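Predicted, not measured: the structure shown is a model, and the values here were computed from it. Side-chain atoms are counted along with the backbone in the values below, which use heavy atoms only and exclude waters and symmetry mates.
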Amino acid sequence: QTGLKQNTPEILGILGTFYRKRVLSSEESLKLLQENFTETLFDAVIPINSVIPDSFSASVDLHTFNKRSSSARAYSRVVQEIILRISNNQRQNHG
């Protein structure tokens, strides 16, 4: 032992991705996540649509390619949730 504090990774949350409304497998998968990971599941869910592969093919990030797409908006919501969770964790750890 060197006395160094061991850093163990902490799961900040679980993110549902490749979601398609009205597709049974997507609906079932999301429901299972919601039932089994209530505390850790992010509220935002990333939908799959043509904008994601199109932005990749154009070598442009999703927000530059189409910031109004449902996928870009969902990623923005995830970022806000991540910031909030990190802030809450820091408050809990530092009083």
Side-chain angles (χ1 to χ4, degrees):
Q1 295 276 342
T2 62
L4 295 175
K5 181 180 176 184
Q6 183 179 2
N7 290 326
T8 54
E10 182 179 325
I11 294 174
L12 189 59
I14 296 172
L15 178 61
T17 60
F18 291 95
Y19 177 75
R20 272 185 206 229
K21 277 186 177 181
R22 297 180 295 277
V23 172
L24 185 59
S25 60
S26 283
E27 298 289 345
E28 288 175 345
S29 295
L30 184 58
K31 184 177 179 183
L32 283 171
L33 287 173
Q34 290 167 335
E35 290 172 355
N36 293 291
F37 300 99
T38 307
E39 296 297 316
T40 54
L41 186 64
F42 286 106
D43 292 332
V45 177
I46 307 301
I48 187 68
N49 54 40
S50 62
V51 174
I52 293 173
D54 289 350
S55 70
F56 180 78
S57 293
S59 298
V60 178
D61 70 89
L62 185 59
H63 285 85
T64 300
F65 188 79
N66 185 345
K67 67 182 179 184
R68 292 189 175 122
S69 71
S70 59
S71 296
R73 290 191 319 267
Y75 274 112
S76 293
R77 287 192 302 274
V78 171
V79 168
Q80 292 303 312
E81 286 187 71
I82 289 170
I83 292 168
L84 182 62
R85 287 183 187 198
I86 290 172
S87 175
N88 289 341
N89 285 350
Q90 288 176 340
R91 272 197 294 267
Q92 289 173 355
N93 292 334
H94 300 298

By side-chain hydrogen bond (donor to acceptor under 3.5 Å, both in side chains), Y19 pairs with (sequence neighbours left out) E27

Drop me the distance from H63's NE2 to R73's CZ, to the nearest 0.5 angstrom.
-> 10.0 Å

Separation of D61 CG from N66 CG (nearest 0.5 Å) | 11.0 Å

Same apolar cluster: I46 and I82, side chain cutoff 4.5 Å = yes

State plainly whether one hydrophobic cluster holds both F65 and V78, where clusters connect Ile, Leu, Val, Met, Phe, Trp and Tyr through side-chain heavy atoms under 4.5 angstrom apart.
-> yes

Counting only pairs under 3.5 Å, give me each side-chain donor-acceptor contact of residues 31-45, with atom names and distances, residues two or more places apart or in other chains.
from	atom 1	to	atom 2	distance (Å)
N36	ND2	L32	O	2.8
T38	OG1	Q34	O	3.0

Donor-acceptor contact below 3.5 Å, side chain S76 vs main chain A72 | yes

S71 (side chain) donor-acceptor with P47 (main chain) under 3.5 angstrom = yes

Give a yes or no on this: more than 12 heavy atoms of other residues, nucleotides or ligands lie within 6.0 Å of atom CG of L84.
-> yes

Is the count of non-hydrogen atoms from other residues, nucleotides or ligands lying under 6.0 Å from R85 atom CZ greater than 12?
-> yes

Taking the side chain as C-beta and beyond, is there a heavy-atom pair between I86 and Q90 under 4.5 Å?
-> yes

So, N49 versus S69: side-chain donor-acceptor pair below 3.5 Å or not?
-> no

Quick one: do the R91 and N88 side chains pair a donor with an acceptor below 3.5 Å?
-> yes

From I52 CD1 over to I48 CD1, what is the distance, rounded to the nearest 0.5 angstrom?
-> 4.0 Å

Same apolar cluster (I L V M F W Y, side chains within < 4.5 Å links), V79/L62 = no

How many angstroms lie between atom CZ of R77 and atom OG of S70, to the nearest 0.5 angstrom?
-> 8.5 Å

Joint hydrophobic cluster, V51 plus V60, side-chain heavy atoms closer than 4.5 Å = yes

Looking only at atom types and distance, does a side-chain atom of S29 sit under 3.5 Å from a main-chain N or O of S25, one as donor and one as acceptor?
-> yes

